[in-house]
Asker: 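Supplied in structure tokens, the structure appears directly below.
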Amino acid sequence: MAQAQAIAAKAGNYICLCLGARGEFFCIECEQYFCQTCRISHRKANVSKSHKLVEALETERKDCEMCLTKYGGQHFCLDCSQYFCSNCKVIHLRANVSKNHVFTDSSDIEKT
């Protein structure tokens with residue numbers, strides 16, 4: 001299923017986890033696309049109700065430069081000029097050499 005989503009995303013067709021609808025929203029934490037119906041369920045679930053969901057068109061961003069996750073580079077390190085996914089951002093900030101680096105959302109970078 002993840003492979004089908006990756007292929008669809010490359011083609012600009014974002015597919016929901018239910019594979020029955022177009023993914024109109026993207027969850028930053030889960031790095032998955034959701035249709036309107038699944039988005040509502042995702043927002044109501046205790047485990048994911050605090051997750052940040054953005055419109056799928058806002059996910060036209062870079063791959064994570066550390067783990068190479070496709071479309072996962074939602075965080076931009078201003079000190080390294082590199083894109084990171086959420087997990088790699090945490091790892092990057094734990095390293096002594098980069099613990100004081102400043103991050104911004106990659107969508108803020110693309111607007112400038």
Asker: Looking at side-chain heavy atoms only, is the closest gap between Leu53 and Arg39 below 4.5 Å?
Answerer: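 The answer is yes, as the side chains (C-beta and beyond) meet within the 4.5 Å cut-off.
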Asker: Rounded at 0.5 Å granularity, tell me how far CZ in Phe34 sits from CD1 in Ile40.
Answerer: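 Answer rounded to 0.5 Å: 12.5 Å.
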Asker: Ring centroids only, cut at 6.0 angstrom: are Phe26 and Tyr33 within range, meaning strictly under it?
Answerer: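 For Phe26 and Tyr33, the ring centres are under 6.0 Å apart.
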Asker: Measure the acute angle between the ring planes of His92 and Phe103, then classify it against the limits of 30° and 60° as parallel, tilted or perpendicular.
Answerer: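 Geometry flag for Phe103 against His92: perpendicular rings.
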Asker: At what distance, to the nearest 0.5 angstrom, does SG of Cys38 lie from CD of Glu24?
Answerer: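 If I round to the nearest 0.5 Å, the distance is 11.0 Å.
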Asker: Given 3.5 Å as the limit, does a donor-acceptor pair link the side chain of Ser98 with the main chain of Leu93, or not?
Answerer: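 A pair under 3.5 Å: no.
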Asker: Which is it for Arg43 and Ser48 under the side-chain contact (heavy atoms from CB on, under 4.5 Å) test, yes or no, and what are the steps along the way?
Answerer: CA-CA 6 Å; Arg43 299 291 299 216; Ser48 58; over 6 Å; no
Asker: Any salt bridge (Lys or Arg N to Asp or Glu O under 4.0 Å) involving residues 84-99? Give me the pairs, sequence neighbours left out, ordered by first then second residue.
Answerer: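 Every pair satisfying salt bridge (Lys or Arg N to Asp or Glu O under 4.0 Å) with a residue in residues 84-99: there are none.
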Asker: Can you name the nearest heavy-atom pair linking Val102 to Asp79, along with the distance?
Answerer: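 Closest approach of Val102 to Asp79: N-OD2, 2.7 Å.
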Asker: Nearest 0.5 Å, please: how far is CD in Glu29 from SG in Cys85?
Answerer: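 Cys85 SG to Glu29 CD: 12.0 Å, rounded to 0.5 Å.
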Asker: Would you indicate whether the side-chain heavy atoms of His75 and Ser86 approach each other to under 4.5 Å?
Answerer: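 Yes, their side chains come closer than 4.5 Å.
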Asker: Can you list everything that forms a side chain to side chain contact (heavy atoms under 4.5 Å, CB included) with Ser41? Sequence neighbours excluded, please.
Answerer: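 Listed in chain order: nothing, the list is empty.
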Asker: Calculate, to the nearest 0.5 Å, the distance between atoms CZ and NE2 belonging to Phe25 and His42 respectively.
Answerer: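 Between Phe25 CZ and His42 NE2, I get 12.0 Å after rounding to 0.5 Å.
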Asker: Do Lys52 and Cys27 have side chains that get closer than 4.5 Å, going by heavy atoms?
Answerer: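 No, too far: nothing below the 4.5 Å cut-off.
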Asker: Taking the side chain as every heavy atom from C-beta outward, state whether Cys18 and Cys35 have any pair of such atoms under 4.5 Å apart.
Answerer: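 SC-SC contact between Cys18 and Cys35 confirmed.
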Asker: So which heavy atom on Asn46 is nearest to which on Lys49, and how close?
Answerer: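 Shortest heavy-atom contact: OD1-NZ, 3.6 Å.
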Asker: Run Arg22 and Cys16 through side-chain contact (heavy atoms from CB on, under 4.5 Å) and show every step you take.
Answerer: CA-CA 6 Å; Arg22 183 175 181 273; Cys16 179; over 6 Å; no
Asker: Decide whether Val90 and Phe84 are clustered together by the hydrophobic rule: side chain heavy atoms of Ile, Leu, Val, Met, Phe, Trp, Tyr closer than 4.5 Å, transitively.
Answerer: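 Not linked; separate clusters.
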